[in-house]
Number of protein chains: 2
Amino acid sequence: MAEHDTIRDKIASQYAELSDRLKVAADYVAEHPLDVATRSLRSLSAASGVSPATFSRLARALGFSSYEEMRELSRRAVGNRALSFSERAGLLRAEARAGGGPVSMLERQAAACIRNIAELEHNTDRRRLTQAVDLLHAARNVVLFGAFSSTGVVEYMAYLANYIAPNWTLAGRMGASLGAALADLGAEDALLVVTKTPYARRAVVACEMARSDGAQVILITDSHACPAIPHANVHFLVPTESPQFFSSYAATVVLIETIIAMLVARSEADPSERIRQVEQRNRGLGEFWPG
Amino acid sequence: MAEHDTIRDKIASQYAELSDRLKVAADYVAEHPLDVATRSLRSLSAASGVSPATFSRLARALGFSSYEEMRELSRRAVGNRALSFSERAGLLRAEARAGGGPVSMLERQAAACIRNIAELEHNTDRRRLTQAVDLLHAARNVVLFGAFSSTGVVEYMAYLANYIAPNWTLAGRMGASLGAALADLGAEDALLVVTKTPYARRAVVACEMARSDGAQVILITDSHACPAIPHANVHFLVPTESPQFFSSYAATVVLIETIIAMLVARSEADPSERIRQVEQRNRGLGEFWPG
DNA sequence: CAACAAGCGAAACATATGTTTCACAAGTTG
DNA sequence: CAACTTGTGAAACATATGTTTCGCTTGTTG
């Protein structure tokens, strides 16, 4: 970690060492690189409520020899961004032409994911989304299930849901019986399944069983060929295109986050209260780093 | 053309009226808006070979009441360009149009995630990415850890990794001892931690312990304020902006997928063989729906 | 050629800027 | 409690900045 190319990096690497006031100043610098590059120190001071001296000291604390040197780095930060339109396109082409190879993996993956998300946004039927949220909102109990690669995102969804609804359960967790969770499902309940190619047998069967028990089934999958679709009340097809051997879950995460967000908006109870409570308790247990 | 929004417009509309010397100055201003916004008048003078007085006069000649006013317009020019790379995603416009109209939650969330991914792509240092992949590739054992909201994505990463490397372990799984996993860490091993605000104490401590045992620590987090950064060999700051109460993991997923993809590219063994084997076995166990 | 106007840079000017000093407050140590 | 350390903002400081003045040059007009 000898090299630091951006102010943010420099700030990040020294942040822990800074005093309280310097941290406030550092936060401001990190969040307003354009203003740092552009306005005077005293303007920043006025805008941020931190004294000029503190900014001056911050520069030293970060290892710069003067405030001007820190500003120079900020200049570069906004300068790079300013390049992005025309010049960056040129650079990209040059880079691609250079050896066919070295267009960075990150670039490829990011581009693919952005396309997927844009496609998701474009293709998803809003009424169906509303319908799914209605079902989840009305359900007595909601059971979540995902296997193999989908385990992680479903767990993420369950985590988010716990902040707003106590009646959500993650099924098939740590080898626990999926059957047990399904057995309790009735007409007033909902099952939400995420499954991608190749489709887990258990995911398909879970949908089938839940549906035959009269429960509401919501399915998130990657293709119209998914065998669980016939058993779902509502299903979503999420683009998963990726340059890699595995398919990308980025768009799926977006969909999941959107569903949770819509649930929050729907629920009459203020979620921030429950969030506060949960976090308060975690804090009390010493689970969180004191910030 | 009563209104002129950009310096270029303003210059274009007055250019014919300008004297020779003022034209030179105007040319320079038009071609270097970033420098105008960023450097001092005298620096410009030195760089362009035009006297300070001329720039000052130019501002008046263009209808500004002072040089500072002209600079303000330049500021805005580079500020807009800084935004424009996310505009390439296109969705921003939809969001902007939303002067209060019913823009769907999906639209908002998708736009935010695309911005985050674009920012990640732009801000991430490629060398650092390579460095992280090198560490993971060279490690004898790799331990993954994530708590609370990060549990899911880390699990996802572990799942992907199992296709290409048998020496990756998910720590703290199902209540199993995190300490046990850390105890085995030595200088030849690596720990990869994902943690977001509020930071799990265990995540921070895990980094600290691993580092003091000489292990390589790779950290994925959301802010320079993360207390684990000082204990990491390599860290990544992932944008998590979101219109919701919770932060988005979409960009984090992209980063994780990219790291895995780079590992695949690095490994000499053909991953498809192992993938085929794993899937074959799962198929044999009847885990997959026959497709 | 003289008279004049226009444009320019050097330098003088008032002012804003970044830095440093200083005194004070809060916390720690002996 | 005293001595000391640390962190802070107000203010003093030297300096850099943008503007204006002034004299010079160049080109035009009568």
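No experiment lies behind these values; they were computed from the predicted model shown. Below, read A as the first sequence line, B as the second, and so on, with proteins coming before strands; counting in each chain starts at 1.
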(message) What's the closest nucleotide to the side chain of B:L41 if the choices are C:dG18, D:dT20, D:dT19?
(response) D:dT19
(message) From CG of B:D20 over to C1' of C:dG9, roughly how many Å is that when rounded to an integer?
(response) 16 Å
(request) Counting heavy atoms from C-beta on, name the nucleotide in C:dT19, D:dC22, D:dT8 closest to the side chain of A:S66. (result) C:dT19
(request) For salt bridge (Lys or Arg N to Asp or Glu O under 4.0 Å), just list the numbers for A:D9 and B:R128, CA-CA rounded to whole Å, side-chain angles, deciding distance to a tenth of an Å, and then say yes or no. (result) CA-CA 11 Å; A:D9 290 339; B:R128 195 183 292 185; 3.0 Å; yes
(message) Please pick, from C:dA10, C:dT19, D:dT8, the nucleotide with the shortest atom-to-atom distance to any side-chain atom of A:S19.
(response) D:dT8
(message) If I take atom CD in residue B:E72 and atom C1' in nucleotide D:dG18, what distance separates them, rounded to the nearest angstrom?
(response) 16 Å
(request) Name the nucleic acid region contacted by B:R42, choosing base, sugar-phosphate or nothing; use a 4.0 angstrom heavy-atom cut-off, strictly under. (result) base
(request) Classify the side-chain pair A:E257/B:Y249 by whether it contains a donor and acceptor separated by less than 3.5 Å. (result) no
(request) Search all heavy atoms of B:H231 against all heavy atoms of B:V204 and return the closest pair with its distance. (result) ND1-O, 4.3 Å
(message) Of the listed nucleotides (C:dT17, D:dT19, D:dA10), which one gets closest to any side-chain atom of A:S40?
(response) C:dT17
(request) Dump the intermediate steps for salt bridge (Lys or Arg N to Asp or Glu O under 4.0 Å) on B:D222 and B:K196, then the final yes or no. (result) CA-CA 6 Å; B:D222 62 350; B:K196 307 283 183 79; over 6 Å; no
(message) What is the separation between atom CD on B:E69 and atom P on D:dG18, rounded to the nearest whole Å?
(response) 15 Å
(request) Name the nucleic acid region contacted by B:R39, choosing base, sugar-phosphate or nothing; use a 4.0 angstrom heavy-atom cut-off, strictly under. (result) nothing
(request) Check the distance between D:dG18's P and B:F64's CZ and give it to me in whole angstrom. (result) 15 Å
(message) I'd like to know if B:R39 and A:E72 make a salt bridge, using a cut-off of under 4.0 Å between side-chain N and carboxylate O.
(response) yes
(request) Please determine, for the side chain of B:T54, which listed nucleotide (C:dG9, D:dT8, C:dG18) has the closest atom? (result) C:dG9
(message) Whole angstroms only, please: what is the CZ-C1' distance between B:F55 and D:dG18?
(response) 13 Å
(request) To the nearest Å, give me how far apart CG (A:L58) and C1' (D:dG9) are. (result) 16 Å
(message) Side chain of B:S56 only, heavy atoms from C-beta on: which candidate in D:dG18, D:dT19, C:dT20 is closest?
(response) D:dT19
(message) I need the CG-P distance between B:L44 and D:dG18, as an integer number of Å.
(response) 8 Å
(request) Side chain of B:R21 only, please: which of C:dG9, C:dT19, D:dT19 is the nearest? (result) C:dG9
(request) Specify the separation, in whole Å, of atom NZ of B:K23 and atom C1' of C:dA6. (result) 15 Å
(request) Name the closest nucleotide to the A:P52 side chain, picking from D:dT19, D:dG9, C:dT19. (result) C:dT19
(message) Tell me whether the side-chain N or O atoms of A:R57 pair up with the base of D:dG9 as donor and acceptor below 3.5 Å, since no angle test is needed here.
(response) yes
